[in-house]
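To start, the structure under review is shown below, and the notes come after it.
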Amino acid sequence: MIVSGFKPRDHILNRLIDVYCKSSNFSYAHQLFDQIPKPDIVARTTLITAYSAIGNLTLARKIFNETPLSMRDTVCYNAMITGYSRNNDGYASIRLFCEMRQGGFRPNDFTYTTVLSGVAQIVDAEKQCQQLHCAVVKSGTGFATSVWNALLSVYVRCASSPLVSSSSLMGEARNLFNEMPERDELSWTTMITGYIRNEDLHAARELLDGMDERMEVVWNAMISGYAHHNSFQEALLLFRKMRTEAKPTVDFSLSVNNTLLTLYYKCGKLDEARYIFNNMPVKDLVSWNAILSGYVSAGRIQEAKSFFKEMPERSILTWTVMISGLAQNGLGEEAMTLFNQMRSEGFEPCDYAFSGAITSCAALGALEHGRQLHAQLISLGFDSSLSAANALITMYARCGVFKDANSVFLTMPCIDSVSWNAMIAALAQHGHGVQAIDLFEQMLKADILPDRITFLIILSACSHAGLVKEGRHYFSSMRVCYGISPDEGHYARMIDLLCRCGEFTEAKGLIESMPFEPGGPIWEALLAGCRTHGNMDLGIQAAERLFELVPQHDGTYILLSNLYAAIGRWDDVAKVRKLMRDRGVKKEPGCSWIDVENMVHVFLVGDTEHPEVQAVYKYLEQLGLEMRKLGYLPDTKFVLHDMESEHKEYSLSTHSEKLAVAFGLMKLPLGATIRVFKNLRSCGDCHTAIKFMSRVVGRDIIVRDAKRFHHFRNGECSCGNYW
DNA sequence: ATAGGGTTAG
């Protein structure tokens with residue numbers, strides 16, 4: 001029986017669009033869409049959302065434009081605006097928002113929240129923010145606190161941005177805070193952390209003390225603020241006060257708790273986040289995903305793995321987080337397995353999931369498989385995705401095919417600072433320091449703001465190219481021109497650069513001028529410079545500090561004993577060796593390869609007949625390594641040694657060029673197998689080296705590890721399809 | 001049907 005005027009078939013077809021989009025079958029969804037005589041607004045909105053989610057704004061906008069004005073509604077505008085916001089196009093988002101209001105459509109909570117999240121990314125955010133503020137105020141008082149919170153958070157974010165003068169903006173934020181119809185725990189937290197981020201602990205504390213209700217979350221924000229500014233005394237006092245006075249967190253609503261979880265893990269307070277999670281009366285997938293992301297971003301990958309197993313349900317996002325987490329922590333194989341498992345369980349990977357899989361190819365140096373994924377991306381229509389393209393650039397660069405990295409970069413529909421960073425890093429990794437700096441200058445000309453990662457890359461590039469003057473210039477410009485204060489990584493690279501050029505006095509001065517205590521990376525950089533310049537006294541100072549700071553790192557023992565040996569302090573060598581044996585430091589294939597390399601260094605600079613050196617020989621023999629010097633370059637003191645010759649195995653270190661030359665000297669026997677140590681930080685680097693070698697040596701090289709072969713011939717690599 | 005959870009660069 002059919003009621004007249006109602007067409008069940010059309011209705012079902014419209015709903016089917018949603019089903020196809022949910023299972024990522026966009027091309028089916030679109031085909032079906034084209035066949036429906038009059039697609040309804042829900043079907044249109046679904047498709048707009050789906051295309052925005054995969055970064056295809058062109059198609060999203062096409063469907064939006066084809067929707068007659070009489071049919072459009074607020075939700076449909078919201079979906080399109082969200083598309084722009086999520087794809088970092090704040091201006092387009094605002095433009096459409098204005099159009100929407102001119103067309104007489106009434107923005108709602110979602111509209112304001114999503115426009116605001118787009119606004120935070122643009123340069124004149126301050127002005128836009130004020131206009132939105134007016135719009136919210138004029139529209140009456142009917143908006144949820146979440147909209148006011150979003151507005152507040154944009155003010156605060158702009159205030160901490162180097163682009164605008166912060167003093168007035170924090171004042172504006174405070175005015176907004178005061179005039180909000182209602183304030184919830186999030187409003188208080190945002191305002192207080194805003195003050196803390198702008199280094200105004202007094203204002204933050206005053207606000208906290210003026211609170212009527214005593215909410216634990218807000219107190220916690222203040223405590224973290226104190227801790228972050230090293231005011232541990234105040235932090236502790238406040239903590240004690242909170243135990244007796246504040247209201248606990250656990251009875252907040254689901255969405256507030258979810259926001260809190262995220263807030264906590266993003267400030268590195270993962271265990272607090274987990275505590276809230278454990279005590280939440282109701283949890284949903286968002287809560288689980290937030291904690292999983294917490295474990296992954298903290299690098300606590302074992303915990304992440306077991307948490308993932310425990311999860312009652314999973315979404316594409318869950319899989320994506322886990323896959324990229326594994327890939328980033330050097331577990332490329334597991335990441336690939338999981339990627340396949342995801343597909344076999346019926347999830348069609350989104351572009352982010354592809355990014356994770358591509359990252360694991362980069363880590364494994366699996367170029368052929370990476371190319372296959374690239375092809376799949378194109379056929380699925382994901383090739384316009386920013387994150388996938390950025391991952392591709394890195395993958396091609398790490399696998400040594402700079403050409404392909406470059407062509408991805410050049411054909412991308414839009415690029416961001418990550419793309420630039422990836423390209424600059426690709427050049428720097430290939431030893432083209434000067435070109436890397438050229439590209440960096442181009443980036444500045446294109447008005448893309450450099451970030452802390454950009455400067456890490458640029459300082460390394462200067463260091464590799466020996467460009468001290470430029471390095472000094474960029475190092476000082478990062479604070480002066482871009483408001484980025486150098487962190488330990490930046491200082492370490494700067495010290496590395498200075499030491500490579502023998503500027504030890506300046507390096508020491510820089511260490512003394514640092515606003516924090518020097519840690520491992522600083523001493524390591526100094527030590528490395530001392531080794532190349534034979535500055536033994538300073539080197540030993542650095543090594544001793546390193547030894548105090550990171551006694552758990554096997555390499556440190558060897559470095560220190562190595563240096564003592566070099567200047568003949570054999571008693572000290574013996575002491576370190578004893579400590580090493582007591583701690584049970586073992587030399588297994590899973591250990592850092594650099595350790596063995598450093599041991600060999602002892603033979604070169606020290607007295608090979610000395611009992612301690614003999615002991616090292618014995619130590620290595622115990623582990624089944626029959627060490628033999630094959631030849632080294634006098635200028636770099638690089639040594640290459642083979643493993644037991646009957647196994648015909650050769651070990652690789654990551655020093656590409658040295659390695660290539662050394663292999664050239666060494667005359668590989670036919671059919672030799674090269675063993676790649678799994679713990680090498682970047683196997684891609686190794687692949688570059690071997691490729692180079694296969695060209696220099698003019699012979700095929702096969703690299704084998706537990707699961708696959710890579711075949712190198714005349715500078716190219718092919719690998720078996722194991723997945 | 002729209003939000004909250006993710007991705008890529010050292």
Side-chain angles (χ1 to χ4, degrees), chain A residues 14-15 17-18 21 40-50 52-53 55 73-83 85-86 108-114 116-117 144 146-147 150 186 254-262 265-266 284-294 296-297 315-325 327-328 350-359 362 385-395 397-398 415-426 428-429 450-461 487 489-490 492-493 681-682:
Chain A
N14 274 313
R15 297 295 73 78
I17 301 283
D18 184 45
C21 286
D40 67 14
I41 188 63
V42 177
R44 288 168 190 274
T45 308
T46 308
L47 210 51
I48 290 170
T49 309
S52 308
D73 61 4
T74 302
V75 181
C76 159
Y77 271 99
N78 288 352
M80 195 62 229
I81 293 173
T82 303
S85 287
R86 293 223 300 204
N108 64 10
D109 292 2
F110 281 121
T111 325
Y112 283 108
T113 320
T114 197
L116 286 166
S117 75
S146 67
V147 175
L186 206 58
L254 177 64
S255 67
V256 172
N257 271 329
N258 281 345
T259 314
L260 278 175
L261 292 182
T262 317
Y265 92 72
K266 286 198 172 157
D284 67 358
L285 188 55
V286 174
S287 339
W288 283 87
N289 281 342
I291 294 292
L292 183 71
S293 313
V296 164
S297 56
S315 64
I316 293 195
L317 188 140
T318 320
W319 290 92
T320 305
V321 171
M322 199 61 228
I323 290 167
S324 38
Q328 277 170 7
C350 63
D351 57 338
Y352 289 138
F354 269 100
S355 305
I358 294 167
T359 305
S385 157
L386 190 62
S387 70
N390 286 340
L392 281 171
I393 294 180
T394 316
M395 189 272 292
R398 288 250 195 100
I415 50 179
D416 65 356
S417 69
V418 178
S419 332
W420 285 95
N421 288 350
M423 260 334 268
I424 297 170
Q429 279 158 6
D451 55 20
R452 42 176 295 277
I453 305 277
T454 320
F455 282 105
L456 285 176
I457 301 166
I458 282 301
L459 291 174
S460 316
D487 63 23
H490 297 108
R493 278 163 177 78
R681 272 193 58 174
S682 142

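Chain A is the first sequence line, chain B the second, and so forth, proteins listed ahead of strands; every chain is numbered from 1. These numbers come from the heavy atoms of this one structure, side chains and all, not from hydrogens, waters or symmetry mates.
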Heavy atoms only, 4.0 Å cut-off, all strands: where does [X] land among base, sugar-phosphate and nothing?
X	answer
L285(A)	base
L317(A)	base
T113(A)	nothing
N14(A)	nothing
V321(A)	sugar-phosphate
D351(A)	nothing

What's the closest nucleotide to the [X] side chain, out of [options]?
X	options	answer
L456(A)	dA9(B), dT2(B), dG10(B)	dG10(B)
D73(A)	dT2(B), dA1(B), dG6(B)	dA1(B)
N390(A)	dT2(B), dG6(B), dT8(B)	dT8(B)
A425(A)	dT2(B), dA1(B), dG10(B)	dG10(B)
V75(A)	dT8(B), dG6(B), dT2(B)	dT2(B)
S293(A)	dA1(B), dT7(B), dG6(B)	dG6(B)
S315(A)	dA1(B), dG5(B), dT8(B)	dG5(B)
S324(A)	dT2(B), dA9(B), dT7(B)	dT7(B)
S387(A)	dT8(B), dG5(B), dG10(B)	dT8(B)
T394(A)	dA1(B), dT7(B), dT8(B)	dT8(B)

* Asked: Can you check side-chain hydrogen bond (donor to acceptor under 3.5 Å, both in side chains) on N78(A) and T111(A), steps first, answer last?
  -> CA-CA 5 Å; N78(A) 288 352; T111(A) 325; 2.7 Å; yes
Could you check how far [atom1] of [X] sits from [atom2] of [N], rounded to whole Å?
X	N	atom1	atom2	result
N289(A)	dT7(B)	CG	P	11 Å
I41(A)	dT2(B)	CD1	P	13 Å
I291(A)	dG6(B)	CD1	P	12 Å
N421(A)	dG10(B)	CG	P	8 Å
D109(A)	dA3(B)	CG	P	14 Å
M395(A)	dG10(B)	CE	C1'	19 Å
D416(A)	dT8(B)	CG	P	12 Å
Y352(A)	dG6(B)	OH	P	10 Å

* Asked: Does any N or O in the side chain of S85(A) come within less than 3.5 Å of the main-chain N or O of T82(A), such that one atom is a donor and the other an acceptor?
  -> no
* Are any side-chain N or O atoms of N14(A) and backbone N or O atoms of I17(A), one a donor and one an acceptor, separated by less than 3.5 Å? ->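 A pair under 3.5 Å: no.
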* Asked: Do any side-chain nitrogens or oxygens of Q328(A) fall under 4.0 Å of OP1 or OP2 in dT8(B)?
  ->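 Answer yes for this pair, as a side-chain N or O of Q328(A) is under 4.0 Å from OP1 or OP2.
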* To do: Would you please name every residue forming a salt bridge (Lys or Arg N to Asp or Glu O under 4.0 Å) with D451(A), sequence neighbours left out?
  =>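 Not a single residue meets the salt bridge (Lys or Arg N to Asp or Glu O under 4.0 Å) criterion with D451(A).
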* Could you pull out all residues at least two apart from D40(A) that satisfy salt bridge (Lys or Arg N to Asp or Glu O under 4.0 Å)? => R15(A)
* Between I358(A) and A388(A), what is the shortest heavy-atom contact and its length? ->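 Heavy-atom minimum between the residues: CD1-O, 4.2 Å.
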